[in-house]
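Just so we're clear, the structure is a prediction, and the values are computed from it rather than from any experiment.
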Amino acid sequence: MEDHHPPPKRVVVCGGGVIGVCTAYFLSKKGVAVTLVEKSSIACAASGKAAGFLALDWCDGGPLSKLARASFNLHRSLSQELNGPQSYGYRPLTTLSLSITESSSSSSSQEPHKSPSRNLPSWVDGPAKGPRTIGTTETTAQVHPRLFTKTLLSKAVEDHEVEVVIGKVETVEVESGKVRAVVLEDGREIQAEAVVLALGPWTSKLSLLDSIFRVYGLKAHSVVLQPKEPDAITPHALVLSYYSAQGGKPLNPEVHPRSTGEVYLCGMLTEADVPDDPEQVAPNPESIRVLKRVAKNVSSHLEEGEATLKAEQACFLPCTDDSVPVIGQVPGVKGCFVATGHNAWGILNGPATGVAVAELVVDGRASIVDLTPFNPVRFVGGKRECS
């Protein structure tokens, strides 16, 4: 890591989600020629189907604290640079936690909605209780994640001539312990002085990495609704403790109104096998049914007839065995870097991860944040706790 070799002139970034795109963007701003390789389409997986929720201090007290704080502030400055409110729905938010208990008759659409509590936004007119402010407009915000990722890539392509190649990465060619090229499934070979692997839950499918660490997928479900009266929905994100009429442990769905007028609801996490093709990820029908029921119990504006269903979907959050992202040079392979495993905080931590990886690749070390806790070397030689 301390080698004083000349910075690479050509870098291949593998993965067209938020981490790969942020890395390509900040590398290209440093004057590097960047080729971005994506199997399917830009932001086709979690980066297109996530909530896009940003929090300044929710990762405090753990290894992500400094990364998250740096990234939250970077989102704000990027929004000023890229006209975020218009381009990709950037806006500060108030975030509330509250509990909802279904009544046994709540499956009936005749259930009347009550007047909202004084402490709740007017549109939250279901059986919600105990609202508590857990984020202010200073500490929580949002972006539309797909629009954010695509806006950033468009800027990189227009201003810095980043090349986008659609194709599946088959292998990374290594010669004498140093990266030489990326080989695609169709046989195309892209020469590179450095390679960044940012393939989310698909990262550890590469033989180069599968013996070092595991990235598995946590399947998250979501629905997108378009209320008839979008102006009635205020910018309040809701984190719920949701008690089903059937009993059992509470669910923790989230409700994220967007500046586009849509309302995004997510939750229902399950560990599942990640398919080879991101386009093949299909939602579990029961999980979608539950989210629609949640929507109806949160607000009369979100029930069937009052809102149009625009999407029912699922995506895989990339997770590591120690719940800490993997960011750094691949052990034993000079010029090969990895950035993945951000779990539910990929959109938040995309910008600072991109800056850190660009600095690591070009300058030999990251200055925006200390990457030691994220170094993949922690997995070498059996399980080791994260320092």
Side-chain angles (χ1 to χ4, degrees), residues 13 15-32 34 36 38 41-57 67-95 135-164 198 222 224-227 230-237 256-264 310-311 342 345-359 368:
V13 176
V18 69
I19 303 296
V21 166
C22 285
T23 301
Y25 176 78
F26 288 108
L27 274 169
S28 67
K29 283 189 85 171
K30 281 179 160 290
V32 175
V34 179
L36 181 88
E38 163 56 42
S41 57
I42 300 304
C44 65
S47 297
K49 297 172 182 173
F53 179 71
L54 314 175
L56 172 70
D57 52 7
L67 185 73
R69 282 176 167 269
S71 217
F72 184 86
N73 293 326
L74 259 174
H75 268 291
R76 190 182 286 137
S77 53
L78 279 170
S79 173
Q80 291 163 356
E81 191 182 315
L82 302 171
N83 193 15
Q86 277 68 46
S87 303
Y88 50 82
Y90 176 89
R91 66 176 178 179
L93 283 175
T94 299
T95 306
T136 68
T137 51
E138 293 300 309
T139 62
T140 53
Q142 71 180 159
V143 296
H144 188 300
R146 185 172 61 251
L147 296 179
F148 170 69
T149 306
K150 290 191 164 187
T151 299
L152 207 58
L153 183 61
S154 294
K155 182 80 172 161
V157 169
E158 286 163 22
D159 290 7
H160 305 292
E161 297 178 354
V162 167
E163 178 191 20
V164 179
S222 55
V224 181
L225 302 167
Q226 180 74 48
D231 292 345
I233 313 294
T234 55
H236 288 82
H256 296 274
R258 289 175 169 165
S259 62
T260 54
E262 301 170 341
V263 177
Y264 170 101
K310 291 190 75 176
H342 290 72
W345 293 113
I347 307 299
L348 166 64
N349 286 316
T353 299
V355 170
V357 174
E359 290 177 338
I368 189 171

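- Nearest heavy-atom pair, Gly135 versus Thr139, reported as atom, atom and distance to 0.1 Å: CA-OG1, 3.6 Å.
- Residues Lys29 and Glu81 are paired through a salt bridge, judged by an N-O separation under 4.0 Å between the basic side chain and the carboxylate.
- No donor-acceptor pair under 3.5 Å is formed between the side chain of Glu161 and the backbone N or O of Ser28.
- Here the closest non-hydrogen pair linking Pro145 and Ala50 is CG-O, 3.2 Å.
- Looking only at distances, no side-chain donor or acceptor of Tyr90 sits under 3.5 Å from a matching main-chain atom of Ala141.
- The minimum heavy-atom distance linking Ile347 with Gly52 is given by the pair CG2-CA, 4.1 Å.
- Using cut-offs of 30° and 60° for the angle between ring planes, the Tyr25 and His160 rings count as perpendicular.
- Formation of a donor-acceptor pair under 3.5 Å by the Thr140 side chain with backbone atoms of Thr137 is not found in this model.
- Taking both residues in full, the closest heavy atoms of Ala237 and His256 are given as CB-ND1, 3.8 Å, listed atom of the first, atom of the second, then distance.
- Using a 4.5 Å heavy-atom cutoff, the side chains of Ser154 and Thr151 are not in contact.
- Within the model, atoms OG of Ser47 and CD1 of Ile19 stand 7.0 Å from one another, a figure rounded to the nearest 0.5 Å.
- Between Ser87 and Leu147 the shortest heavy-atom distance is O-CB, 3.9 Å.
- A donor-acceptor contact closer than 3.5 angstrom links the side chains of Thr353 and His342.
- Of all heavy-atom pairs spanning Ser71 and Leu348, the tightest one is OG-O, 2.7 Å.
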